[in-house]
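Below is one structure, written out as structure tokens, with a few remarks after it.
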Amino acid sequence: DVQLQASGGGLVQAGGSLMLSCATSGFTFDDEAIGWFRQAPGKEREGVSNIADGKTYYADSVKGRFTISGDKVKKMVYLQMNSLKPEDTAVYYCALISREYGATFVNPGGPYGMHYWGKGTQVTVSS
């Protein structure tokens, strides 16, 4: 079974940093794109970033602040989040994405091309 488990969220002050981790299993890591999306109350889902074969995509709202990386051996994907802002507050999920949706995943409204996603992790940024 495909599993994606996000962790690493928490409460941080504006300007601070957090690193999210996504543990994956049940699929061939190299065959897919893996990404992060977020959902805040009352807001649309937002594709934040994804990675496949070292190629990365970022939403405009996080470019220059967030960095996605992957570890093929551990089958882990990470999202380093720096210079956090209150508007980054959301539940963050990691997702398995069809490769052809890598670019559109980070566009407002998608399409996202997600196959699976796991439980999210809450990120709260205080002002």
Side-chain angles (χ1 to χ4, degrees):
D1 292 351
V2 173
Q3 294 191 21
L4 302 108
Q5 181 60 58
S7 62
L11 173 63
V12 64
Q13 289 188 332
S17 298
L18 282 174
M19 188 171 77
L20 305 184
S21 299
C22 177
T24 75
S25 64
F27 62 94
T28 303
F29 194 84
D30 290 346
D31 287 350
E32 308 287 350
I34 302 171
W36 293 89
F37 70 94
R38 63 189 181 186
Q39 183 87 57
K43 293 187 177 180
E44 295 291 323
R45 174 186 300 171
E46 181 182 16
V48 174
S49 180
N50 67 85
I51 185 170
D53 280 343
K55 188 170 180 62
T56 59
Y57 295 94
Y58 296 94
D60 287 343
S61 60
V62 306
K63 276 180 184 175
R65 301 188 297 122
F66 291 11
T67 303
I68 192 169
S69 61
D71 185 324
K72 294 181 182 180
V73 174
K74 295 181 179 179
K75 296 187 177 182
M76 296 285 294
V77 175
Y78 306 98
L79 187 69
Q80 177 66 44
M81 306 186 296
N82 298 329
S83 302
L84 282 161
K85 304 175 181 180
E87 51 263 45
D88 294 318
T89 295
V91 179
Y92 285 70
Y93 302 82
C94 58
L96 188 61
I97 305 158
S98 293
R99 281 172 170 253
E100 59 265 36
Y101 290 93
T104 62
F105 179 81
V106 295
N107 290 343
Y112 302 108
M114 298 189 295
H115 295 301
Y116 298 94
W117 57 92
K119 292 182 180 180
T121 185
Q122 175 72 48
V123 172
T124 303
V125 184
S126 63
S127 56

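In this structure, SG in C94 is found 13.0 Å from NZ in K119, a value given to the nearest 0.5 Å. Here the OG1 atom belonging to T67 is positioned 8.0 Å from the CG atom belonging to L79, to the nearest 0.5 angstrom. Taken to the nearest 0.5 Å, the CD atom of E46 stands 10.0 Å off from the CD atom of Q39. Interatomic distance, D31 CG to R99 CZ, rounded to the nearest 0.5 Å: 7.0 Å. W36 contributes atom CH2, which lies 10.5 Å from atom CZ of F105 (distance to the nearest 0.5 angstrom).
When every heavy atom of Y92 is checked against every heavy atom of D88, the shortest pair comes out as OH-O, 2.6 Å. The two residues R38 and A90 come nearest to each other via the heavy atoms CB-CB, 3.7 Å. Smallest separation of non-hydrogen atoms from Y112 and I97: O-CG2, 3.3 Å. Listed here is the closest heavy atom pair of S49 and Y57: OG-O, 2.8 Å. The nearest pair of heavy atoms linking L18 to L84 is N-CD1, 3.8 Å. Contact detail for D53 and D30: the closest heavy-atom pair is OD1-O, 4.1 Å.
Residues satisfying the side-chain hydrogen bond (donor to acceptor under 3.5 Å, both in side chains) test with Q3, not counting sequence neighbours, are none. Take S25 and apply the side-chain hydrogen bond (donor to acceptor under 3.5 Å, both in side chains) test, not counting sequence neighbours, and it matches no residue. Applying the side-chain hydrogen bond (donor to acceptor under 3.5 Å, both in side chains) rule to S17 yields the partners N82; only residues at least two apart in sequence or on another chain are considered.
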Worked check of side chain to side chain contact (heavy atoms under 4.5 Å, CB included) between M114 and Y101: CA-CA 8 Å; M114 298 189 295; Y101 290 93; over 6 Å; no
Could you walk me through whether L20 and Y93 pass side chain to side chain contact (heavy atoms under 4.5 Å, CB included), step by step? CA-CA 10 Å; L20 305 184; Y93 302 82; over 6 Å; no
Could you walk me through whether Y78 and I51 pass the side chain to side chain contact (heavy atoms under 4.5 Å, CB included) check? CA-CA 10 Å; Y78 306 98; I51 185 170; over 6 Å; no
Test log, rule side chain to side chain contact (heavy atoms under 4.5 Å, CB included), inputs V91 and T121: CA-CA 5 Å; V91 179; T121 185; 6.0 Å; no
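Between D60 and K63 there is a salt bridge, since at least one side-chain N of the basic residue sits less than 4.0 Å from a carboxylate O of the acidic one.
Contact of the T56 side chain with the N50 side chain is not registered, since no non-hydrogen atoms from C-beta on lie closer than 4.5 Å. Here the side chains of Y58 and V106 are not in contact, with every heavy-atom distance at 4.5 Å or above. Residues T89 and Q122 have side chains in contact (heavy-atom distance under 4.5 Å, counting atoms from C-beta outward). The closest side-chain heavy-atom distance from S21 to M76 is below 4.5 Å.
Under the 30°/60° scheme for interplanar angles, the aromatic rings of W117 and F37 are found to stand perpendicular.
No donor-acceptor pair under 3.5 Å is formed between the side chain of R65 and the backbone N or O of M81.
No more than 12 heavy atoms of other residues, nucleotides or ligands shown are found within 6.0 angstrom of OH on Y116.
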